[in-house]
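All remarks here apply to the structure that follows.
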Amino acid sequence: MYALLVGVIVVCVVVLYQKAAENETDLDRGNIEQLLPTRDAKILQQEPIGIDLAPGYEGTLALNGEPLPEDQLGVVPALNRVTFTPGPGKAYEALPAGQNCLKATYWKTETGPSQSTDYTWCFTVL
């Protein structure tokens, strides 16, 4: 009886883990390939933050409601990746401790920012 109960619990945990992993890799109908950091992650104050978009998309970032200067973003068009790394002379020398929320505004390159979509997620900075 206990073996059956343990087996059911193990199967449930595996299914929930796989479902969570699928959700993190198929974000916003596949338009987002990766969040940097992932939702609810704990990161250090100097870590890069950003988004990896599907091919054919580009975007900008805002941290805690404040747009990050476009000239401070690390944009890699070949990878459709937009990041911000804190440092001296930048909008943030270090990310603020505690909970932070990053908003990515992204659009298809062919249509431009007039037809953009927002995606927001939060994480904790230690």
Side-chain angles (χ1 to χ4, degrees):
M1 179 73 161
Y2 289 111
L4 178 62
L5 181 59
V6 170
V8 168
I9 291 172
V10 168
V11 168
C12 289
V13 168
V14 168
V15 168
L16 289 173
Y17 176 78
Q18 288 175 338
K19 191 68 172 166
E22 288 172 11
N23 288 342
E24 284 297 319
T25 58
D26 187 29
L27 297 164
D28 204 17
R29 298 172 310 278
N31 297 332
I32 300 170
E33 293 183 345
Q34 184 180 14
L35 303 175
L36 307 165
T38 58
R39 179 182 314 281
D40 299 324
K42 291 179 173 63
I43 66 168
L44 300 175
Q45 290 183 310
Q46 297 299 321
E47 286 190 45
I49 56 176
I51 193 163
D52 189 355
L53 298 164
Y57 285 86
E58 55 188 279
T60 61
L61 301 172
L63 181 63
N64 300 322
E66 295 295 322
L68 294 170
E70 289 190 35
D71 63 343
Q72 295 180 16
L73 296 177
V75 178
V76 183
L79 300 175
N80 306 95
R81 183 173 279 216
V82 181
T83 59
F84 174 80
T85 303
K90 292 191 173 180
Y92 293 91
E93 288 193 17
L95 296 173
Q99 182 171 346
N100 288 268
C101 295
L102 191 62
K103 178 175 82 171
T105 300
Y106 68 94
W107 57 88
K108 285 186 176 183
T109 301
E110 63 190 36
T111 60
S114 64
Q115 296 180 24
S116 63
T117 301
D118 292 334
Y119 191 90
T120 302
W121 70 102
C122 300
F123 51 91
T124 301
V125 176
L126 302 174

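Everything quoted here is computed from the prediction, not taken from an experiment. Basis for what follows: all heavy atoms, side chains included, without hydrogens, waters or symmetry-related copies.
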Handout entry: Donor-acceptor under 3.5 Å (K42 side chain, L126 main chain)
Key = no

Practice task
For Q45 and L95, indicate whether the former's side chain and the latter's backbone hold a donor-acceptor pair under 3.5 Å.
Solution key: yes

Problem - Sequence-distant partners of S114, side chain to side chain contact (heavy atoms under 4.5 Å, CB included), two or more places apart - result: none

Problem - E47: partners by side chain to side chain donor-acceptor pair (under 3.5 Å), with sequence neighbours left out - result: none

Practice task
Give a yes or no on whether Q46 atom CD has more than 12 heavy-atom contacts from other residues, nucleotides or ligands under 6.0 Å away.
Solution key: yes

Problem - Hydrophobic cluster membership, I43 vs L36, 4.5 Å side-chain cutoff - result: no

Fill in the blank from the handout: With sequence neighbours left out, the residues meeting side chain to side chain donor-acceptor pair (under 3.5 Å) with T105 are D118

Handout entry: ring pair (Phe, Tyr, Trp, His ring centres under 6.0 Å) involving Y57 - partner list, sequence neighbours excluded
Key = Y106

Exercise for the section: Flag yes if I49 and V75 sit in one hydrophobic cluster, no otherwise; membership is Ile, Leu, Val, Met, Phe, Trp, Tyr, and two members link when side-chain heavy atoms are under 4.5 Å apart. Expected result: yes

Exercise for the section: Sort and list the pairs that fulfil side chain to side chain donor-acceptor pair (under 3.5 Å) and have at least one residue in residues 72-82, not counting sequence neighbours. Expected result: Q34-R81, D52-R81

Handout entry: Sequence neighbours excluded - disulfide bond (SG atoms under 2.5 Å apart) pairs with any residue from residues 38-113
Key = C101-C122

Handout entry: For T109, all residues meeting side chain to side chain contact (heavy atoms under 4.5 Å, CB included), sequence neighbours excluded
Key = E58

Problem - Partner set under side chain to side chain donor-acceptor pair (under 3.5 Å) for Y92, not counting sequence neighbours - result: none

Exercise for the section: Mind checking side chain to side chain donor-acceptor pair (under 3.5 Å) for T117 and listing every partner two or more places apart, or none if nothing turns up? Expected result: none

Handout entry: Residue pairs involving residues 34-65 (criterion disulfide bond (SG atoms under 2.5 Å apart); sequence neighbours excluded)
Key = none

Exercise for the section: Determine yes or no for a side-chain-to-main-chain donor-acceptor pair under 3.5 angstrom, with W121 supplying the side chain and P37 the backbone. Expected result: yes

Problem - salt bridge (Lys or Arg N to Asp or Glu O under 4.0 Å) contacts in which one or both residues fall within residues 70-79, not counting sequence neighbours - result: none

Completion exercise
Applied to residues 67-91, the ring-ring contact (aromatic ring centres under 6.0 Å, His included) test, sequence neighbours excluded, yields none

